[in-house]
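In what follows, a single structure is set out as structure tokens and then discussed.
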Amino acid sequence: MPSRRVLLGGAAASIAATMLAAPHVHAQARPRVVVIGGGFAGASCARALALLNGDIAVTLVEPETSYIACPFSNAVLAGLRGMEAQTFGYDGFDGIALIHKRAAAVDTERRRVRLDDGTDIDYARLVLAPGIDLNFEALPGYDAAAAEIMPHAWKAGPQTLLLRDQLAAMPDGGTVVISAPANPFRCPPGPYERASLIAHYLKTAKPRSKLIILDAKDTFSKRSLFEAAWRELYPGLIEWVPLSAGGRVTEVDPATKTLVTEFGSHKADVANVIPPQRAGAIAQAAGVADRTGWCPIDPVTFESRLQPGIHVVGDAAIGGAMPKSAFSANAQAKACAAAVAALLREREPAQPKLINTCYSLVAPDYGISIAGVYQPRDGLLAEVEGAGGVSPLDAATDVRELEAVYAEDWFRTITSEVFG
Amino acid sequence: MTWHDRMKDGRGRLSATVLLAALAAAAPALADTPVQVAAPPGAAACSGCHGPAALGSAIPSLENHAAADIAVQMQAFRNGERSATVMGRIARGFTEEETRAIAEWLARPEAERHAQP
């Protein structure tokens with residue numbers, strides 16, 4: 001690729017290229033950036049690229065015609081919210097070529113994406129935002145068929161409704177078991193927000209019931225805040241079993257809804273198995289995922305460490321200290337769009353700073369948050385020291401109420417920006 | 001090896017002056033499009049929470065705030081003079097200079113502030 005040779009050729013050549021390349025970009029065919037995946041990361045990136053003076057042609061490849069958002073889907077499980085509040089279309093994507101097909105393969109030599117109908121799309125740069133795949137090979141007994149009996153509900157949609165309906169059908173006095181995976185996984189506080197809102201539902205509708213979290217970890221995001229709130233709001237209802245107490249689930253049996261751990265087994269009335277995860281399938285197909293199943297990236301450009309010309313944003317990327325969240329995905333996508341545009345214009349990408357904010361609901365009117373600021377350091381996205389952290393443990397009731405309001409308004413704002 | 005790593009090797013590094021000269025030379029090609037100003041580090045993330053006023057969110061919109069006003073509020077969040085939920089934790093991640101650049105960018109009309117490099 002000429003531009004790469006030019007970049008290697010030293011300052012003089014780069015300056016010449018910058019002066020010559022920019023008019024070329026405008027006078028002739030616009031360089032095409034293909035974005036694969038229309039979730040928070042991919043949709044944000046496509047829209048940010050399309051806003052950049054219009055000198056980049058943007059194609060967004062997303063098989064579904066609507067997107068069902070994961071944030072707040074735990075409220076759907078607890079009967080507090082309808083799925084329509086989670087569902088977004090792609091109507092406002094002006095200036096973006098939207099293709100509702102599945103990307104099947106990437107030819108990295110020819111810089112070409114192959115769709116599942118055999119169509120090829122050439123790209124100058126490719127952005128992969130495939131989100132997560134559930135790893136149905138990681139937990140014995142747990143495959144796609146088992147997920148119809150013991151739902152994961154970790155991709156919002158039919159799985160969310162299945163788990164909601166199982167909870168609604170469970171008799172009072174039943175046992176709900178949640179299996180939480182080891183790090184890294186999508187939405188680190190998610191299993192614990194889920195436990196909280198299910199506990200809220202049980203306390204309200206089925207007060208003799210119990211909820212057990214079997215965890216492959218010894219700690220988790222916002223743990224002290226969650227545990228304090230559980231003691232206050234749901235005393236005796238939630239039991240958290242950490243790794244060191246035998247919490248790691250090693251096998252499941254969907255026929256009996258049994259979860260087997262290193263120390264014993266738990267028979268559930270409702271079993272929510274959140275299995276280990278990895279980057280979405282196209283990341284493996286394109287060769288940008290490493291042995292961990294996730295995608296190593298340059299923290300300035302989000303360009304893959306394994307395949308030049310391909311950038312990875314959102315949950316699929318190894319984001320260093322940044323959690324796999326919708327907010328992170330949106331912030332990374334905008335920084336990546338700026339870097340992609342800079343590279344196409346032969347300019348030096350700016351060093352980004354990124355922000356994450358994640359709210360969790362412990363009850364409908366009780367919110368807690370974690371925030372962080374990140375910048376590239378030693379080849380990874382690292383936390384800016386002195387910044388970030390979680391809500392105070394001793395906050396007053398009105399602060400918890402305010403954070404619950406902010407949580408909902410954050411969701412309205414970000415979905416309006418990304419899908420609006 | 002990525003582009004960024006190559007830059008760290010010192011090969012192909014452009015001085016700020018040279019880069020500015022090159023950008024100035026390239027500018028005429030962009031004359032038929034609105035003038036857009038690059039988002040300084042961190043600025044593009046703000047809209048993840050702070051949306052248009054028309055949304056009616058409890059999280060304040062940053063529309064129609066002067067740059068100086070935004071910078072002063074961020075300073076107050078950073079040193080704890082203004083109480084906050086998340087903003088103190090976020091404001092402490094930015095220097096005064098970075099904060100001023102973000103505030104100036106946020107105060108521009110929307111058409112001028114896309115996340116252009």
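Proteins get letters first, then strands, A, B, ... in listed order; numbering begins at 1 in each.
- Residue contact with chain B, scored on non-hydrogen atoms closer than 4.5 Å, involves the backbone and the side chain of A:Ile355 alike.
- Considering only heavy atoms from C-beta on, A:Val127 comes within 4.5 Å of A:Val313 through its side chain.
- Neither the backbone nor the side chain of A:Leu306 has a heavy atom closer than 4.5 Å to any heavy atom of chain B.
- Chain B forms more heavy-atom pairs under 4.5 Å with one residue of A:Ala335, A:Ser369, A:Pro392, A:Pro352 than with any other, namely A:Ser369.
- Cation-pi check for A:Lys353 over B:Phe94 is met; the charged atom lies under 6.0 angstrom from the ring centroid and within 45 degrees of its normal.
- Looking at A:Ser391, the atoms closer than 4.5 Å to chain B (heavy atoms on both sides) sit in the backbone and in the side chain alike.
- The six-membered or imidazole ring of A:Phe419 lies near that of A:Phe40, with a centre-to-centre distance under 6.0 Å.
- If you measure heavy-atom distances from A:Thr357 to chain B, the contacts under 4.5 Å come from the side chain alone.
- Not counting sequence neighbours, the partners of B:Ala101 by the side-chain contact (heavy atoms from CB on, under 4.5 Å) test are B:Pro40.
- Interface check for chain B: of the options A:Gly420, A:Gly389, A:Ala333, the most heavy-atom pairs under 4.5 Å are formed by A:Gly389.
- The residue among A:Ala331, A:Ala395, A:Ala371 with the most heavy atom pairs within less than 4.5 Å of chain B is A:Ala371.
- Here A:Glu408 pairs with A:Arg81 under the salt bridge (charged side-chain N to carboxylate O under 4.0 Å, His left out) rule; sequence neighbours left out.
- Here the side chains of A:Ser328 and A:Leu354 are not in contact, with every heavy-atom distance at 4.5 Å or above.
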(message) For a ring-ring contact (aromatic ring centres under 6.0 Å, His included) check, start with the C-alpha distance between A:Tyr359 and A:Phe72, then their side-chain angles and the critical distance, and finish with the verdict.
(response) CA-CA 10 Å; A:Tyr359 292 97; A:Phe72 268 91; 9.1 Å; no
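- Between A:Arg125 and A:Glu303 there is a salt bridge, since a side-chain N of the basic residue sits under 4.0 Å from a carboxylate O of the acidic one.
- If you tally non-hydrogen atom pairs under 4.5 Å between each of A:Thr415, A:Val384, A:Thr413 and chain B, the highest count goes to A:Thr413.
- Taking 4.5 Å as the limit, some side-chain heavy atom of A:Leu381 sits within range of a side-chain heavy atom of A:Phe302.
- The side-chain contact (heavy atoms from CB on, under 4.5 Å) test applied to B:Ala91 returns B:Met74, B:Phe77, B:Arg78, not counting sequence neighbours.
- Listed in order of number, the residues of residues 47-61 of chain B that approach chain A to under 4.5 Å between heavy atoms are B:Ser47, B:Gly48, B:Cys49, B:His50, B:Gly51, B:Leu55, B:Gly56, B:Ser57, B:Ala58, B:Ile59.
- For A:Phe327, the part lying under 4.5 angstrom from a heavy atom of chain B is the side chain only.
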